[in-house]
Structures are given as structure tokens and as C-alpha cells.
Number of protein chains: 2
Amino acid sequence: MGERVGARERIRRQMVAEIKREARRQLAESGAQSLSLRAVARETGLVSSGVYRYFASRDELLTALIIDAYGAVAERVEEAVGARAAPRERWRAGCAAVRAWSRANPHEYALIYGSPVPGYAAPADTVDAAARVPLALLSVVRAAHEAGELRPPDVRALPPELAAQGRAVAELTGGGLPEDAAVRVGIAWTQLFGMVGFELFGHLVGSFDPADALFDHAVDLMADLIGLP
Amino acid sequence: MGERVGARERIRRQMVAEIKREARRQLAESGAQSLSLRAVARETGLVSSGVYRYFASRDELLTALIIDAYGAVAERVEEAVGARAAPRERWRAGCAAVRAWSRANPHEYALIYGSPVPGYAAPADTVDAAARVPLALLSVVRAAHEAGELRPPDVRALPPELAAQGRAVAELTGGGLPEDAAVRVGIAWTQLFGMVGFELFGHLVGSFDPADALFDHAVDLMADLIGLP
DNA sequence: CCAAATCGAGAGCGCCGATCTTTTTCTTGA
DNA sequence: TCAAGAAAAAGATCGGCGCTCTCGATTTGG
């Protein structure tokens, strides 16, 4: 499918890209709160109503930025996790990638992991993009499991409902992962983002600030919890 | 210090309370985004500029709501944790109180644990209020430790920096708590809020939704991690 | 009792998101 | 080639927002 595009369509895509670029710039500078279509229009040489030819509303523009942000962090994590290395090293690299991207792009982090901005919409497009990070983490654990190297500590029995959810999550990775491991990855996943969010939003200021040491330690404890070698 | 207050001061405090009440109502209804001073003014029978006699800016009003929200969740957690019960039961109750309050007041949760709203200020007033929840959790672990019942699993050595931070945190509870335990509480704390935040903001929709089972399991795993009996 | 402080009210500023109409520009098929 | 039609740009306009300033009315405390 060569996707024939005329000159007009090409210009249109450029315009969309330029609007998003400028919006991303303003986002990085002062957050989603103060991102205004009018300012974007001014900066891109459009009249204020012109932006609406490309994005039906401010929320739609923000949604586009959200999807891009999910993609950006996922890309970093997938790259970090893809290295040929021991499972625990890959796990550490994935977690470190999350933190590094978040610290480098705090406003984009806030956009996707902070409070949902409008009444929150979460269109289906964002779901797939959002799933890539946890899937990358799961893939590390799955590889360790397939190599027969997964050694979870004393296992707690799962209630049936949680076991079912764990099984469903495990199947997202292609199957083969024990339910319990999937559940523990879920817990480590929430721990990771809870910690990164707390760091970014200043909740660690009186206690674990700077958070470098806490982060590394937590990542290792979670790897222990999962049973990564 | 009897705090003599004249009639005028009394009326003023009533006015402040009424403004906050209406603001809280709007917050609960549609989030911090769409909380407007003008709407609050309309609803309280004031002219729009009148609110500024009581709050210098929208941010100042939001800050007042933030402090109140921290206080509200802390109250619930302290009450839950204060029960005369086994350490693990107290731990569970504290965590459950966090989740229950958060689900009952999602917009207030977003206000204090979501993306910082303005450029974020975090005035000193909020810090003390924010510390009460982690302190309540720490107190449970400290009680278990003092009863000689804390049995942490295989301990990982702490790097010096993290040990120092853990010691400082432990001292906030009055001392006596091992550094390692304080650090683990910190990790469990971030896990707890990461999980609750993910649940509220829809990040668990495709996987661990509903989150009840995951929550209970995670709370117990974190209690294990800390070594609570 | 009166000066000072406080208050409610109102007008106004500049910004915002969004909609509508009009004009210009570009594309394309007869 | 050129006119019809689609797309883009421009401009005016609407209601709402945060915030500031001024001006009488009211209350307070010395």
C-alpha cells in the first residue's frame, strides 16, 4: 500500500507536525495547564481559528501529544530492555530508562501519568501505546522464565480472581509466564511508577531526596520479588 | 492565648469556610481544571472580585484545598492505623484507608498526588500535612519492631547514602527503627500510591481491573517485604 | 464620635476556547 | 486551459476566565 499522497496532503501533514512540535515545546516549557491553542497558532504563523483545521479541539491536540509521549517512553524502555544481557541487568535498564525519560520530560510524564486532564477520555489509541512499557518489562521476566531462571521467593497463593487476571496478563506476552509472575510484575510496575511520580512531583523531598539510591535499591528489591536471577 | 476574635473576624471565617466548601464541591464535581473563582463567587452570592478579599488568587484557594485534602486522608489513615490489632492488620487497614479515601475523592486525590497544578508551589504548610500518611504507616512498623516482631526477609545491604536517608526517616518516627525497615516502608509507600493512582487514572483498565484482588495481594506482599508479622 | 480599616459592587483589561462567515488559494477534471 | 469545487486562511464574534482598580457603604476600635 503505497499510500498515494498529493502535494496538499503532504503540506497538511507538515502543518500537523509543526503544530505538534510547537505544542510540545510549550508543553515542555510550562506544562499542559498553560498550553494554549492561540499561542500555538501565533507561534506557527496561523490565525487562532486556523489550528482547528488540524485539531478539532484543545483536547484532541493534547491526546495527540499523549500518544506521542507514550510512544517516546516506550521506545526508550524497549531499547533498554532489548539489550543482550542477564535478566536482572535488562530489568534494571528498563526501569532506569523509565526514570531517565521521566526526569528529562517531566511535563510529558505528568501529561500521561499525572491527573487525567479533561474529564479524561482515554481513547482506544492511547491504550495500545500505554501498554508497551509494561509489556517490555514483562518480556524480560518471560525470557528469564523460559530460560528456567525465574526463582520467585516464597509464593503467596493467589485468590481466583487475581489468578485469572494474572493469566490474562501473562497471555499478552505470548503465554508461558506463570500467573504469579505476571502479578508480581504488575506490582513492581506500579511501584516503579509510583516512585518515579513521587520523585518528579516532590513527594520525596523531605525523605529520600535525591532519589537515586532509593531507586536502585527498589528496582533490585522488586527484581528479587519477581525472582529474577 | 484566648485568640480574641471580633464579630467581623467571625464572619470572615465563615465566609472563608463557605468559599472553600463551594470550591470543594466544584472540585469533587468536575476537577481542579474547571474550578473557577467566578463560579465559586456566583454560587456564594459574591461578585467575582469579592473572592479576592479572602483568597489572593486561584492558586491560593487551591493550596487551601490541598492542605485540607492532605488532612482528610491523613485523618482516615491515622484512625485506621490506630486500632488495637496485630501489626499486619493495622498495616492492611492503613493501606485500605488510603485506597478507600482515594476512590471516594478522586479529584482531591488528583489534586494532591497527581500532576502539580500551577508551576507547583508546595508551600511549607503542605509538607507537614503530606507527611502524616507515611508517618502513620511508619508508626505501625515501629510498633512491630519495638515488640521485637519485625522479621524482614533476606536483607540487601544499603549503600551509605540510602542508609543515611533511611536513618533520617526512622528518626522522624522517634527513632529506634532500623534504617532498612524505614527504606522498605518508603518503597511500600510508593508502591501503594503508585497502585492507587494507576487504578484511579485508568492505567489498570486492560489488566488488573477491578483492582481489589491486586490491591490486597500487593499490600500483603509489601508487608512481607517489610517483615510484618 | 470619628478616622481607619474592611467590605461589596462594578467596570474593565487581556487572555482563552470555540464557532461562524467571508475571502483567498490550490487542485483537478472536462 | 480553465472553471468548478475543495481546502485553507482570515477575520469577527461570543462567552468565560483570572485579576486589578476604583468607589461608595459599613463596621470597627481608639
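Here is the naming used below: chain letters follow the sequence lines, and residue numbers restart at 1 for every chain.
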CZ (A:Arg76) with more than 12 external heavy atoms under 6.0 Å: no
Touch class at under 4.0 angstrom, heavy-atom based, for A:Ser57 against every strand present: sugar-phosphate
Touch class at under 4.0 angstrom, heavy-atom based, for A:Ser49 against every strand present: base
A:Ala39 or A:Ala56, whichever maps to the more 5' nucleotide of DNA chain C: A:Ala39
Shortest side-chain distance from B:Val47, nucleotide among C:dC16, C:dG10, D:dG11: C:dG10
Side-chain N,O (A:Arg12) to OP1/OP2 (D:dA8) below 4.0 Å: yes
Touch class at under 4.0 angstrom, heavy-atom based, for B:Phe55 against every strand present: nothing
Protein-nucleotide distance (A:Gln14, atom CD; D:dA8, atom P), rounded to Å: 13 Å
Interatomic distance where CE belongs to B:Met15 and P belongs to C:dA9 [whole Å]: 9 Å
Any donor-acceptor N or O pair under 3.5 Å, side chains B:Thr44, B:Glu22: no
Euclidean distance, atom CG of residue B:Leu46 to atom P of D:dC19 [Å, nearest integer]: 16 Å
A:Glu79, CD atom: more than 12 neighbouring heavy atoms under 6.0 Å: no
Spacing of A:Arg53 atom CZ relative to D:dA7 atom P, expressed in whole Å: 9 Å
Whole-Å distance separating the CD atom of B:Glu60 from the P atom of D:dG18: 14 Å
Parallel, tilted or perpendicular: rings of B:Trp189 and B:Phe193 (30°, 60°): perpendicular
Quiz item: B:Arg8 side-chain donor-acceptor pair to D:dT27 base, under 3.5 Å: yes
Sugar-phosphate, base or nothing in reach of B:Leu35, heavy atoms under 4.0 Å: sugar-phosphate
Nearest-0.5 Å distance, CG of residue B:Leu214 to CD of residue A:Glu161: 10.0 Å
Under 4.0 angstrom between A:Tyr54 side-chain N/O and D:dA7 OP1 or OP2: no
Length of the CD-P vector between A:Gln33 and D:dC17, whole Å: 16 Å
Contact under 4.0 Å: B:Tyr52 side-chain N or O vs D:dT22 OP1/OP2: no
Separation of C:dG10 C1' from B:Arg42 CZ (nearest whole Å): 16 Å
Nearest-angstrom distance from the residue atom CZ of B:Arg58 to C1' of D:dG16: 13 Å
First of B:Arg38 and B:Ile11 reached from the 5' end of DNA chain D, by closest nucleotide: B:Arg38
